[in-house]
Amino acid sequence: MDLLFLGTSSATPTRARNVSATALLDDSGKGWYLIDCGEGTQHRLLRTPLSLHGLRALFITHVHGDHCYGLPGLLASAGMARREEPLDIVAPAAIEAWLRATFDMSRTALPFELRFHPVETLEQWRSPQLHVEPAELSHRVPCYGYRFTEARPDPKLAIDRLERDGIPRGPLWGQLARGHDIELDGRTLRSERYLDFARAPRRIVIGGDNDRPELLARACEGAQVLVHEATYTEALVHATGNPFGHSTAAQVATFAEQANLPNLVLTHFSARYQPGGRAGRSVEDIRSEAARHYRGQLFLAQDFLHLKLRKDGALEVAETTAAAAPAAAPA
């Protein structure tokens, strides 16, 4: 499971950072998932090997523009690239109405089906590769985070259960091994019932905008990685007197420490924090504040940072998959 950051700025883009978008890559090397889609996300994708044909599903955390204004253009481009496979979109219900109105107004006809799943009523979204569960957060509008759990950690067919349930050898076994549920003699046979796993699943939690990190406590159980916004430092919030529905680096780091999370990735930084500092503020201020409260492995995301979550749960910087991507290292 890999993370590729496509946008790490909050509210507005900067020269170095686009607005929110994160790609989650599965181990097949072909399929990937997009969490949030701020304006310009498709331009960021052009600097990566990711194809819109390989996009398996979209997950939107909330309706603010820096998290969703890139959706109409990205979907229209997928249509022009002759994508035909249906696309799942997990998002607040308002996103469906907005997209359909936008396409109707612009007379855009997509050659593939959009399958919407309102996050407000969703318990779990599943694919052969991932199980995804939403978690409600605290922001100025309804907002959600998502827990991504590896569905099939080194699977091995449970031969004894297959034979006991009278499932004949052959293609059906292959479908179950690949994570597909099957129908047999009026029964729905769940793949996971006939698989044994060699290790615990990898789990990544990606939060949306949120001023109460502790709301992700349950989602983070068993997780190796938390990706969470750290829009401001405490000093700026104290100076303005208003967190604007966001978390400080200290808040997130304190939660991650209490939750015993081994890896914390901070993102969604205010444009006030620039490399080298501007008006006395530097993105390193965010790193320093977080490091005072968190003893695990800390990363500050930047656009095109590529992180690999290994099967043993270790998180490491991968060789870049994007053109002109900046170097990055953990704290």
Side-chain angles (χ1 to χ4, degrees), residues 6-13 18-24 32-45 52 55-79 83 85-127 130 132-148 205-213 215-216 219 227-229 231 243-247 267-268:
L6 303 170
T8 56
S9 181
S10 74
T12 60
N18 198 41
V19 285
S20 294
T22 304
L24 176 64
W32 63 283
Y33 308 80
L34 182 61
I35 301 91
D36 282 336
C37 186
E39 182 182 2
T41 294
Q42 65 172 317
H43 293 275
R44 282 314 208 218
L45 286 170
L52 293 177
L55 179 59
R56 300 290 183 248
L58 275 158
F59 299 86
I60 303 299
T61 61
H62 63 295
V63 300
H64 281 160
D66 58 321
H67 294 258
C68 67
Y69 277 178
L71 272 172
L74 182 141
L75 295 172
S77 291
R83 179 191 174 107
E85 182 181 354
L87 180 63
D88 287 330
I89 299 180
V90 177
I95 292 288
E96 178 179 3
W98 167 60
L99 283 176
R100 295 203 186 281
T102 299
F103 292 144
D104 182 60
M105 178 274 298
S106 62
R107 300 185 182 182
T108 300
L110 299 178
F112 57 93
E113 177 189 2
L114 297 179
R115 299 189 297 213
F116 289 94
H117 306 270
V119 66
E120 294 91 339
T121 56
L122 184 73
E123 293 185 4
Q124 188 178 81
W125 180 90
R126 298 162 64 97
S127 76
L130 289 175
V132 185
E133 300 159 282
E136 190 169 0
L137 304 178
S138 172
H139 190 47
R140 302 195 309 277
V141 298
C143 188
Y144 296 82
Y146 294 99
R147 176 167 75 169
F148 297 86
V205 177
I206 301 178
D209 292 0
N210 179 34
D211 59 14
R212 294 177 56 195
L215 292 174
L216 286 169
V227 179
H228 198 286
E229 61 117 326
T231 306
F244 302 102
H246 294 290
S247 290
T267 187
H268 195 269

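As the structure is a prediction and not an experimental result, all values here were calculated from the model.
More than 12 non-hydrogen atoms from other residues, nucleotides or ligands lie less than 6.0 angstrom from CZ of Phe116.
At a threshold of 4.5 Å between non-hydrogen side-chain atoms, the residues Val90 and Val132 do not count as touching. Using a 4.5 Å heavy-atom cutoff, the side chains of Val227 and Phe148 are not in contact.
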The test is side-chain contact (heavy atoms from CB on, under 4.5 Å); show your working for Leu58 and Tyr33 and say whether it passes. CA-CA 6 Å; Leu58 275 158; Tyr33 308 80; over 6 Å; no

Working note: Leu114 + Phe103, criterion side-chain contact (heavy atoms from CB on, under 4.5 Å); need CA distance, chi angles, decisive distance, verdict. CA-CA 12 Å; Leu114 297 179; Phe103 292 144; 4.1 Å; yes

Take Tyr146 and Leu130 through the test side-chain contact (heavy atoms from CB on, under 4.5 Å) and record every step on the way to the result. CA-CA 12 Å; Tyr146 294 99; Leu130 289 175; over 6 Å; no

Could you give me the CA-CA distance, side-chain angles and deciding distance for Ile95 and Val63, then say whether side-chain contact (heavy atoms from CB on, under 4.5 Å) is met? CA-CA 7 Å; Ile95 292 288; Val63 300; 4.2 Å; yes

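Taking every heavy atom of both residues into account, His246 and Asp211 meet most closely at O-CB, 3.5 Å. The shortest heavy-atom contact between Phe112 and Gly79 is CE2-N, 3.6 Å. Of all heavy-atom pairs spanning Leu75 and Leu110, the tightest one is O-CD2, 3.5 Å. Nearest heavy-atom pair, Pro134 versus Tyr144, reported as atom, atom and distance to 0.1 Å: CB-CD2, 4.4 Å. The heavy-atom pair separating Leu34 from Ala21 by the smallest distance is CD1-CB, 4.2 Å. Across all non-hydrogen atoms, the minimal contact from Val119 to Pro92 is CG1-N, 3.6 Å.
Checked by atom type and distance alone, the side chain of Glu133 never pairs as donor or acceptor with a backbone atom of Ala219 at under 3.5 Å. Proximity of a side-chain donor or acceptor of Arg83 to a complementary backbone N or O of Leu52 within less than 3.5 Å is detected. Side chain of Ser247 to backbone of Asn210: a donor-acceptor contact under 3.5 angstrom is found. A donor-acceptor pair under 3.5 Å links the side-chain atoms of Thr41 to the main chain of Gly38, judged by distance alone. Looking at Thr231, its side chain does come within 3.5 Å of a backbone N or O of His268 through a donor-acceptor pair.
From His67, atom NE2 reaches atom CD1 of Ile60 across 9.5 Å, with rounding to the nearest 0.5 Å. The CG atom of Leu74 lies 10.0 Å from the NE2 atom of His43; values are rounded to the nearest 0.5 Å. Separation of atoms CD (Glu136) and CG (Leu216) is listed at 11.5 Å; rounding is to 0.5 Å. Separation of atoms CG (Leu99) and CG (Asp104) is listed at 12.5 Å; rounding is to 0.5 Å. Between the CG atom in Leu87 and the CZ atom in Arg56 there is a gap of 10.5 Å [rounded to 0.5 Å]. The OG1 atom of Thr61 sits 10.0 Å away from the CD1 atom of Ile35 when rounded to the nearest 0.5 Å.
Every side chain to side chain contact (heavy atoms under 4.5 Å, CB included) that Pro13 has, sequence neighbours left out, goes to Asn18, Val19. Every side-chain hydrogen bond (donor to acceptor under 3.5 Å, both in side chains) that Ser106 has, sequence neighbours left out, goes to Thr108. Thr8 meets the side chain to side chain contact (heavy atoms under 4.5 Å, CB included) test with Phe5, Arg17, Thr267, Ala301, Asp303; sequence neighbours excluded.
Between the side chains of Asp209 and His64, no donor-acceptor pair is found at a separation under 3.5 Å.
Taking the six-membered ring where tryptophan is involved, the planes of Trp125 and Phe59 are perpendicular, since the angle between them exceeds 60° and thus also 30°.
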